[in-house]
Every structure is written in structure tokens, then in C-alpha cells.
**Q** 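Here it is: the structure, laid out below.
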Number of protein chains: 2
Amino acid sequence: MAEKLTYSIAEIAAMCNVSKATVSRVINNNPQGVGKETRARVLKTIQQLNYRPNALARGVATSRSGMIGVVVPDVSNFFYPKLIRGITDCMDKKGYSVIIGNSDYDPKREAEQLLSMIDKRVDGIMLCSGVSNREFLSEFRKYHVPMGLVGRVFDSSLSDVSITGDNIKGAMKSAEYLIQSGKRRIVYAEGNPDISGSRQRMEGYRKAHEAAGIPVHEELILHGEYSIDCGRYMAMQLLENKVDFDAIMTGSDLIAIGIVFQLLKSGVRIPEDIEVIGFDDIELSRVIDPPLSTISKPHYDMAWHVADQLFKVIQGDPVPLPHATIEPQLVLRATTKKRRET
Amino acid sequence: MAEKLTYSIAEIAAMCNVSKATVSRVINNNPQGVGKETRARVLKTIQQLNYRPNALARGVATSRSGMIGVVVPDVSNFFYPKLIRGITDCMDKKGYSVIIGNSDYDPKREAEQLLSMIDKRVDGIMLCSGVSNREFLSEFRKYHVPMGLVGRVFDSSLSDVSITGDNIKGAMKSAEYLIQSGKRRIVYAEGNPDISGSRQRMEGYRKAHEAAGIPVHEELILHGEYSIDCGRYMAMQLLENKVDFDAIMTGSDLIAIGIVFQLLKSGVRIPEDIEVIGFDDIELSRVIDPPLSTISKPHYDMAWHVADQLFKVIQGDPVPLPHATIEPQLVLRATTKKRRET
DNA sequence: ATGAAAGCGCTAACAC
DNA sequence: GTGTTAGCGCTTTCAT
């Protein structure tokens with residue numbers, strides 16, 4: 001029946017013949033300091049009027065907004081939704097709202113998003129696959145906002161909590177597996193080489209070769225972008241240029257999926273002729289046909305974990321292990337041959 | 001060098017020997033009322049101190065938060081990220097931040113998200129594939145928050161702007177195409193039958209049959225959930241129960257994709273033996289192999305459009321055509337046979 | 001061009 | 001148990 005947008009604590013107070021303080025106590029479920037009977041009366045008119053406390057006002061009064069910011073490169077990239085869900089699920093449980101922003105891998109946009117969140121006085125920020133350089137990030141720390149990083153490491157001063165997959169080990173596992181299977185000309189297909197993760201995986205690829213005492217052929221190293229279409233294109237190039245290769249590993253499932261589809265289309269049999277191993281284990285990889293063998297990290301859980309840690313930081317609780325790195329697992333599905341356990 | 005989290009307008013004012021009002025004028029780029037020289041001075045210390053205006057305080061003063069809320073069933077469902085991107089891209093351009101919430105198709109959770117956004121005093125709400133009943137929605141309208149609906153229609157009083165694909169026509173196109181191809185036993189695989197979109201598509205399926213004067217076989221109508229795994233299961237059931245069918249249409253691409261993969265795996269040839277048509281045209285459908293024939297709506301653009309309209313509502317600008325319904329297109333890819341245009 | 005002051009809706013001492 | 005009061009950081013009207 002209300003004709004107003006929303007009532008204020010003062011109006012409620014007036015209607016109940018109590019002070020604003022009392023109403024405040026009631027809406028905050030403050031057990032102390034308000035009589036059973038008064039509380040009931042206040043509660044009732046709050047109910048009737050559909051009163052909703054103003055979180056903004058509360059925010060300026062307490063300097064805690066009840067919101068946290070999440071910035072990702074692109075919500076609509078297959079990789080990020082699961083991450084976001086991990087964060088929102090965790091924060092939901094804590095009573096926090098989540099503001100989201102896309103950077104499109106552009107440091108300038110990332111900075112804008114971050115700053116806009118500062119303006120909103122978010123209580124914490126989760127930065128996923130950030131592209132900012134350490135100079136900016138260290139500048140940014142001046143705002144003293146609790147900061148969680150997922151998918152990227154820096155010196156620990158640049159974030160309060162973080163988690164990251166061990167890209168080097170992940171890529172090594174992939175390469176080692178293929179090498180042990182007898183492969184000697186393994187294509188390595190990666191996305192943007194400027195991203196730290198790319199460089200680390202590349203390092204893993206090289207290390208595995210080195211350890212096995214077999215040479216790396218530079219012409220087998222491909223760079224493009226993190227997309228299925230790019231994978232398709234890479235596969236076409238490999239075939240067209242009659243490149244000599246006996247296996248493929250990638251820095252991203254999307255690339256691997258594109259490669260698999262394109263190779264299959266060209267009559268290459270997978271895994272009989274060529275084995276392919278992706279990286280990331282996005283949901284898509286499990287549901288496509290053939291299911292992709294890949295390097296797996298528990299994204300959802302990782303994101304949840306950092307969000308949970310970030311919450312502790314916000315609360316001022318101690319966080320014993322703020323910076324975790326988790327070792328990815330090789331998941332063998334249908335794009336690699338079945339073989340006995342070593 | 002700052003040791004504070006953030007400065008206030010008062011501090012800036014003091015340091016510059018001006019009043020808060022002047023600083024306020026400067027940070028709001030108010031062209032009037034502040035001398036060139038004073039403005040420069042204020043701007044300089046703002047710069048030096050990395051001052052950032054407090055959007056919360058601004059919000060309580062102006063009763064405009066600069067945020068809009070978006071609620072979807074599940075960010076990590078393949079269907080929603082593109083929608084969200086359309087909204088965030090549009091709102092970003094307007095200078096708005098976006099708060100996001102998941103409902104998991106649960107009216108209770110949806111209500112909680114909506115209410116939480118009211119608390120945050122969002123300037124508008126975009127509800128995607130909402131599951132609230134009209135009672136709640138009409139109750140909710142009491143808060144007078146500009147509301148945009150995407151993917152669902154109600155009487156126009158329940159939202160300020162909306163867009164929706166014509167589910168009936170979409171399903172009819174699908175069914176008509178198959179019928180004209182000579183199919184007489186078309187499986188219809190749908191998700192949750194309680195969702196309005198499901199019912200509408202079902203209606204399209206029946207109407208097409210009716211118009212063609214061919215009977216609907218109830219045993220060909222399947223219900224489950226909107227997922228690939230469910231599609232797989234449905235396909236197995238069809239085969240196991242030796243159901244007699246000659247084509248399949250679905251209410252969701254995810255279901256169709258699951259069906260296609262499973263059928264292929266069981267040796268059914270697609271499209272030679274069985275043709276399959278999905279619904280929605282999510283990105284996934286284009287990139288998998290075989291690419292899925294489906295009913296297409298431009299999600300990203302639809303979302304952007306409603307967001308843009310919502311912005312107008314917020315501004316108080318007139319919105320000539322607040323409620324749009326767009327006709328989906330049949331997109332023929334590899335899960336239907338090539339045939340001459342009719 | 002600039003300032004003083006009231007007010008937005010709430011919280012948090014402190015007093016009674 | 002309840003009220004008073006002084007902020008929180010900003011905008012905005014009205015003087016000057």
C-alpha cells in the first residue's frame with residue numbers, strides 16, 4: 001500500500017514512538033537494549049511498511065559496504081563463470097554482495113574497474129587472472145583494500161591472499177606423459193605469450209624435454225589466443241605446412257578443443273594418430289565428444305577458498321597460509337591412448 | 001605515500017583552504033562556480049592524495065547509488081554469461097556498476113537476491129529468466145525500482161522494460177521444418193515444464209502438429225533439466241526403450257548437445273538417420289562438432305537493449321517501446337540435412 | 001566565485 | 001531498556 005520508495009529509520013521510530021537508536025537495535029538484531037514488547041511493535045511496523053534498511057547509509061556510518069568486487073578478463077569466456085560462481089557462493093553465505101567487472105585483458109580497463117570498486121568502497125577485491133603490472137598493483141595497495149588473487153602470483157606484498165595452479169609442474173606433467181609415451185615431436189600450442197601463466201607453462205614444456213634429454217624444436221611452438229577458433233586455425237596450419245609432429249599439448253583447453261575438432265574433421269584419428277592434452281579442465285572439456293585429456297585444477301574450489309580467506313582478512317582474523325599454490329593433475333580422457341599405469 | 005585508506009572531501013578542503021562545497025564542485029566537474037585557479041589547486045591535491053570520492057556517501061546524499069542489480073539463475077550455466085556481458089558492457093558505458101546474484105531457479109533465493117539489491121539501493125534491476133510468480137513480483141514493485149526483464153513476459157505492469165524471444169513461434173519453426181521434411185514422430189525434449197518458456201515452446205510444438213494435421217504422440221514428449229548430461233540420459237532412454245522416432249527437437253541447446261553426442265556414440269548417424277534441432281543458440285552450439293542446428297536469438301544484443309532501455313527509465317527519459325518480443329530464427333547447421341529452400 | 005549549513009539514513013558512544 | 005547526540009562523507013540550497 002506504500003506510496004513511498006522506502007522508509008527511513010526515523011519514520012519507523014516516529015510511528016512507534018521510540019527513538020531511532022531503538023529501531024537501529026531492532027534491525028540489527030541487537031539482543032541487548034530493547035524490550036520484548038517494544039521490539040515486537042517495531043518489528044511489526046517494519047513488516048507492514050516493507051521497510052528495508054539502507055545499506056549505503058549503513059556503509060558510510062560503519063565504513064563497511066558489505067560488497068566485494070570481482071574483476072575477471074571476461075565473464076563470457078568459458079573459463080570464468082565457474083570461478084565467479086565459487087566466489088559468489090562463498091560471499092553469499094557471508095552476506096556479501098558481489099560487484100563484477102570485465103577487463104578484457106586490458107590493464108587500463110582493469111585499473112578502471114579496480115578504481116571504480118574503490119569508489120564503491122568494497123570491503124575486498126578478488127582479482128582473477130589480472131593483467132596489471134606490479135607497479136600499478138603496488139600503487140593500488142595504497143588504498144588498503146583486502147585483495148585476493150586467483151590464478152596469478154606476485155610477491156606476497158601485492159595481495160593479502162592468493163591461489164594459483166603450478167603452471168610449470170602442470171605443463172611438465174603433460175610433456176612428461178607424452179615423452180614417456182615415446183613422443184619426440186610434441187607441438188606446444190599456447191595463447192598470449194606475454195601472460196605470466198603462458199611463460200610458466202612454456203618453461204614446464206622445456207624443462208620436461210631437458211630432463212628427458214630430448215631437444216625442443218622451436219617450430220613446434222605456436223602462439224595465438226585462448227579460443228576454440230584459434231585452435232582450429234592452428235590445426236589447419238600444422239596440416240597445411242605439413243609439420244612433422246606426433247602429439248600436441250596446449251596452454252588452454254579452448255585451443256585444444258579447436259585443434260581436436262579440426263584434426264578430426266581432417267581425418268586425423270585421435271588418439272590413435274595424434275594424442276592431445278589441454279590445460280585447465282574447463283567444464284566444456286568434460287562434456288564434449290571426445291572428452292579432452294587435460295591438466296586439471298579445481299577452479300570452483302580454488303575460487304571459493306580464496307574468497308573465504310579474503311573474508312578472514314576483512315574480519316581481521318588470522319590467515320595462516322595466505323598464499324597457496326596447488327599442483328594440477330593430469331586427467332586422462334579420450335584424446336590420449338589408454339595405457340598401463342607407470 | 002599515504003597512510004590513510006582514503007581521504008574525505010573535508011580534508012581536501014582544509015588542505016586547500018576552500019570549503020567542502022568547492023571541492024564537491026570540482027570532483028563533480030561542475031563547470032560553474034569555481035575559479036580556474038582554485039580548481040587547479042584542488043585538482044592537484046586530489047591527484048597527490050589519490051583521493052577517490054565515496055560513492056556510498058554520494059549515494060545517500062543523492063539517492064542514486066550508481067549500481068544496478070542483475071539476477072540470473074546461474075552465472076556458470078552456459079546460457080547466461082553472454083547475457084551478463086551484454087548488460088555489463090552497456091552499463092559500464094553509462095558509468096554504472098553491476099551487482100550480480102544467482103537464484104538457482106529457486107523463487108526463494110531469487111527473492112533474497114532481489115531484496116538484497118533493494119537494500120543496496122540499486123538504481124535498477126535486470127531480472128533474467130526470473131522464476132518469481134507474479135504475486136511476488138507485483139509485491140516487489142512497491143519498491144519502485146526500475147525493472148528490466150529478459151527472457152520472460154508478464155503483464156507489462158510487472159516490469160518497466162522487457163524483451164523476450166517468441167518461444168511459441170520458435171518451437172513452431174523447428175517443428176514445421178521437421179514436419180515438412182516428412183518427419184512424423186518428432187521427439188520433444190524439454191527441461192523444467194513449470195517454467196513459462198517451456199510451456200510456450202510446448203505449445204509451439206503442438207500447434208505445428210495441429211496445423212499440419214498430424215497427431216502428437218505423448219510418449220515422445222520428454223522432460224528433464226537444462227543440461228548436457230540430461231540430454232545424454234534422454235538419448236539413452238530413447239534407445240533403450242526402443243522408442244520409435246524420426247527426429248528430435250529440444251527446448252534447450254544443452255539438452256540437444258547431450259542427445260547428439262550420445263546418439264553419435266551409439267552409432268546413430270546425424271543427420272542421416274536422425275535430425276536434431278536445439279533451442280537458444282548458445283555459443284557452445286556453434287563451436288562443437290557437429291555444429292548444432294538450432295533456434296537462434298541474439299542474446300547479447302537483447303540483453304544490451306533491455307539494459308539500455310532500463311537506463312532510460314532510470315533517467316526518466318521516455319521509452320517508446322518498452323516491451324519487445326523478437327522472433328527467433330532457425331539456424332541450420334550440421335545436425336539437420338541439407339535440403340533445398342522451400 | 002565561494003562558503004555556511006542543513007540534511008541524506010544510519011551507527012555508536014554515552015547518558016539516564 | 002531507551003533516548004540523545006554526534007558523526008560518517010557527500011550534495012545542495014541559499015547567502016555573500
Side-chain angles (χ1 to χ4, degrees), chain A residues 2 4-43 45-46 49-67 95 118-123 143, chain B residues 2 4-43 45-46 49-67 116 118-123 143:
Chain A
K4 296 203 45 183
L5 299 82
T6 259
Y7 294 87
S8 75
I9 216 181
E11 296 174 290
I12 306 277
M15 305 181 95
C16 296
N17 291 312
V18 295
S19 71
K20 298 195 310 178
T22 300
V23 179
S24 175
R25 290 183 187 107
V26 172
I27 65 178
N28 287 305
N29 277 316
N30 205 322
Q32 302 288 330
V34 40
K36 197 165 155 49
E37 196 260 340
T38 336
R39 158 165 283 136
R41 184 155 37 99
V42 173
L43 241 23
T45 84
I46 282 180
L49 268 43
N50 284 123
Y51 165 80
R52 286 262 120 195
N54 185 327
L56 300 181
R58 202 175 246 176
V60 6
T62 60
S63 26
R64 314 211 300 97
S65 65
M67 307 189 292
I118 290 290
D119 294 354
K120 261 73 182 188
R121 295 302 188 268
V122 292
D123 297 330
Y143 294 109
Chain B
K4 296 203 48 185
L5 299 80
T6 260
Y7 294 87
S8 76
I9 216 180
E11 295 173 291
I12 307 275
M15 305 181 94
C16 297
N17 292 311
V18 296
S19 72
K20 298 194 310 177
T22 300
V23 178
S24 176
R25 291 186 186 104
V26 172
I27 65 178
N28 287 305
N29 277 317
N30 204 323
Q32 303 287 331
V34 41
K36 197 166 157 47
E37 195 260 339
T38 336
R39 160 165 281 135
R41 187 155 36 100
V42 173
L43 240 24
T45 83
I46 281 180
L49 267 44
N50 284 124
Y51 167 78
R52 287 260 120 196
N54 185 327
L56 300 181
R58 203 175 245 175
V60 7
T62 61
S63 24
R64 314 210 303 97
S65 65
M67 306 189 293
S116 151
I118 290 290
D119 294 354
K120 259 77 183 186
R121 296 300 188 267
V122 292
D123 296 330
Y143 295 109

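Proteins come first, then strands; the chains are lettered A, B, ... in the order of their sequence lines, and each starts at number 1.
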**Q** Report, as yes or no, whether the 6.0 Å neighbourhood of atom CZ on B:Arg41 holds more than 12 heavy atoms from other residues, nucleotides or ligands.
**A**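 Atom CZ in B:Arg41 is packed in, count exceeds 12.
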**Q** Hey, are B:Arg39 and B:Asn30 close enough side-chain-wise for a donor-acceptor pair under 3.5 Å?
**A** no
**Q** Roughly how many Å is it from OH in B:Tyr7 to C1' in D:dC10, rounded to a whole number?
**A** 19 Å
**Q** Relative to the 5' end of DNA chain D, which residue comes earlier, A:Pro31 or B:Tyr51, by the nucleotide with the nearest heavy atom?
**A**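 That would be A:Pro31.
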**Q** Ignoring hydrogens and angles, tell me if any N or O in the side chain of B:Asp119 forms a donor-acceptor pair with the backbone of A:Ala55 under 3.5 Å.
**A**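 No; judged by distance alone, with no hydrogens or angles, the pair does not exist.
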**Q** How many whole angstroms separate atom CG of A:Asn29 from atom P of C:dT11?
**A** 12 Å
**Q** Quick check for you: among D:dG3, C:dA4, D:dT11, whose closest atom lies nearest to any side-chain atom of B:Ala21?
**A**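 Of D:dG3, C:dA4, D:dT11, C:dA4 is nearest to the side chain of B:Ala21.
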**Q** Once you round it to whole Å, what is the distance between P of D:dG9 and CZ of B:Arg25?
**A** 20 Å
**Q** Checking the side chain of A:Thr38 only, and the main-chain atoms of A:Val34 only, is there a donor and an acceptor separated by less than 3.5 Å?
**A**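 No: the side chain of A:Thr38 does not pair with the backbone of A:Val34.
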**Q** Which of these nucleotides, D:dG1, C:dA1, C:dC10, is closest to any side-chain atom of A:Ala57?
**A** C:dC10
**Q** Calculate the interatomic distance between B:Asn54 atom CG and D:dG9 atom P; express it in whole Å.
**A** 7 Å
**Q** Can you tell me the distance, in whole Å, between the NZ atom of A:Lys20 and the C1' atom of D:dA6?
**A**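 It is 10 Å, rounded to the nearest whole Å.
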**Q** Rounded to the nearest angstrom, tell me the gap between atom CG in A:Asn28 and atom P in D:dG1.
**A**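 It works out to 17 Å between those atoms.
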**Q** Can you tell me the distance, in whole Å, between the CZ atom of A:Arg52 and the P atom of C:dG9?
**A**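 Computing the A:Arg52:CZ to C:dG9:P distance gives 17 Å.
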**Q** Contact class for B:Asp119 (heavy atom, under 4.0 Å): base, sugar-phosphate, or nothing?
**A** nothing
**Q** What about B:Arg121, does its side chain sit under 3.5 Å from the base of C:dG9 through a donor-acceptor pair?
**A** no
**Q** So A:Ser63, base contact, sugar-phosphate only, or nothing? Heavy-atom distance under 4.0 Å.
**A**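 No contact at all - A:Ser63 keeps every heavy atom at 4.0 Å or more from the nucleic acid.
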**Q** Answer yes or no: is there a side-chain heavy-atom contact under 4.5 Å between A:Arg121 and B:Asn54?
**A** yes
**Q** How do A:Val23 and B:Thr62 order along DNA chain C: which one's closest nucleotide is nearer the 5' end?
**A**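 Looking at the nearest nucleotide for each, B:Thr62 comes out on the 5' side.
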**Q** Quick one: label B:Asn17 by what it contacts on the DNA or RNA (base, sugar-phosphate, nothing), any heavy atom closer than 4.0 Å.
**A**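 Result for B:Asn17 = sugar-phosphate.
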**Q** Tell me what A:Gly35 touches on the nucleic acid: a base, only sugar-phosphate, or nothing, going by heavy atoms under 4.0 Å.
**A**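 Sugar-phosphate contact only.
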**Q** Select one nucleotide: of C:dC10, D:dT11, D:dG3, the one nearest the side-chain heavy atoms of A:Ala61.
**A**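 Closest nucleotide to the A:Ala61 side chain: C:dC10.
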**Q** Taking the minimum atom-to-atom distance to the side chain of A:Thr38, which one of D:dG1, D:dG9, C:dT2 wins?
**A**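 Among the listed nucleotides, the one closest to the side chain of A:Thr38 is D:dG1.
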**Q** Would you mind reading off the distance between A:Leu56 atom CG and C:dT11 atom P, rounded to a whole angstrom?
**A** 12 Å
**Q** Looking at B:Ser24, I'd like to know whether one of its side-chain N or O atoms comes within less than 4.0 Å of OP1 or OP2 on D:dC10.
**A**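 No, no such contact exists.
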**Q** Between A:Arg58 and B:Lys36, which is nearer to the 5' end of DNA chain C once each is assigned its nearest nucleotide?
**A**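 Upstream on the strand: B:Lys36.
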**Q** So, do A:Leu56 and B:Ser65 sit near enough that their side-chain heavy atoms are less than 4.5 Å apart?
**A** yes
